[in-house]
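Working notes for the structure below.
Proteins get letters first, then strands, A, B, ... in listed order; numbering begins at 1 in each. Please read all numbers here as calculations on a predicted model, not as lab measurements.
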Protein chains: 2
Amino acid sequence: MDNDVRELRGAAGLSQQALGERLGVSRQTINAIEQGRYDPSLPLAIRLARFFGRTVEEVFHCDD
Amino acid sequence: MDNDVRELRGAAGLSQQALGERLGVSRQTINAIEQGRYDPSLPLAIRLARFFGRTVEEVFHCDD
DNA sequence: CCACAATGTAAAGCTCCTTTTACATCACCC
DNA sequence: GGGTGATGTAAAAGGAGCTTTACATTGTGG
């Protein structure tokens with residue numbers, strides 16, 4: 001499962017730290033998600049997608 | 001976070017067991033999600049939504 | 001009444017998500 | 001060269017997701 005968080009965050013001009021603060025998670029969590037080290041929880045995935053004005057499916061791509 | 005899994009499953013005429021088998025999880029997992037005892041993981045949420053032909057946001061509602 | 005399918009629930013156990021703390025690198029600026 | 005911001009990474013700890021096994025309830029059909 002990969003995702004577009006890094007690109008979307010870059011386009012928004014935010015640091016990992018700043019994005020984490022907006023979403024209520026640590027910068028390490030943002031970093032891990034961007035690198036695909038693990039998938040976010042469902043509520044965090046929804047918050048992330050909503051923050052960037054996308055659907056969950058647009059931001060997170062299942063590799064099937 | 002509540003969801004429409006029970007209604008969608010009912011409309012599809014499937015038991016919790018049958019839905020679990022289609023999605024590769026146990027019936028207890030389906031049961032717990034329907035009752036809101038916990039949220040599914042992101043990959044399972046995406047599989048559930050896709051199975052019912054909906055987006056994740058249509059099936060899972062954040063209570064904000 | 002006796003199966004049987006469907007559902008609810010609980011415990012134990014494993015893996016995954018997230019946090020905090022901490023250190024390390026790299027680039028940029030003064 | 002020293003400070004600062006952004007990023008990568010690691011360890012420990014706690015909580016959440018999911019499994020298996022097991023038992024209990026309910027409704028339905030023979």
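- Under a 3.5 Å cut-off, the side chain of R54(B) and the backbone N or O of A49(B) do not form any donor-acceptor pair.
- The distance from atom CD of Q17(A) to atom C1' of dT20(C) is 13 Å, rounded to the nearest whole Å.
- Put simply, S41(A) has no side-chain N or O that comes within less than 4.0 Å of OP1 or OP2 on dC16(C).
- Among residues two or more places apart in sequence or in another chain, the side chain to side chain contact (heavy atoms under 4.5 Å, CB included) test is passed with E7(A) by D4(A).
- For residues 27-45 of chain B, the pairs satisfying salt bridge (charged side-chain N to carboxylate O under 4.0 Å, His left out) are R6(B)-E34(B), R9(B)-E34(B), with sequence neighbours left out.
- Between L19(A) and L48(A), some side-chain heavy-atom pair lies under the 4.5 Å cut-off.
- Here side chain to side chain donor-acceptor pair (under 3.5 Å) pairs that include residues 17-26 of chain B, with residues two or more places apart or in two chains, are Q17(B)-E21(B), S26(B)-T29(B).
- Although no hydrogens or angles enter the test, the distance criterion places a donor-acceptor pair under 3.5 Å between the side chain of E57(A) and the main chain of V56(B).
- One atom, CG of L19(A), and another, P of dT7(D), lie 10 Å apart when rounded to the nearest Å.
- Whole-Å rounding puts the L42(A) CG to dG15(D) P distance at 21 Å.
- Side-chain atoms of D39(B) lie closest to dG17(D) of the nucleotides dA6(D), dA6(C), dG17(D).
- Put simply, CG on L44(A) is 13 Å from P on dG17(D), counting in whole angstrom units.
- Residues from residues 3-10 of chain B that place a heavy atom under 4.0 Å from any atom of DNA chain C, listed by number: R6(B), R9(B).
- For the side-chain hydrogen bond (donor to acceptor under 3.5 Å, both in side chains) test, residues two or more places apart in sequence or in another chain that qualify with Q35(A) are N31(A).
- Looking at I33(B) and L44(B), their side chains come closer than 4.5 Å, going by heavy atoms from C-beta outward.
- Against DNA chain C, the stretch residues 21-35 of chain A makes heavy-atom approaches under 4.0 Å through G24(A), V25(A), S26(A), R27(A), Q28(A), T29(A).
- Of the listed nucleotides (dT18(C), dC18(D), dT7(D)), dT7(D) has the atom at the smallest distance from the side chain of Q16(A).
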- Checking side-chain contact (heavy atoms from CB on, under 4.5 Å) for the pair L14(A)/F51(A): CA distance, chi angles, key distance, verdict? CA-CA 12 Å; L14(A) 292 171; F51(A) 181 84; 3.7 Å; yes
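- In this structure, L48(B) places its CG atom 13 Å from C1' of dC18(D), rounding to the nearest Å.
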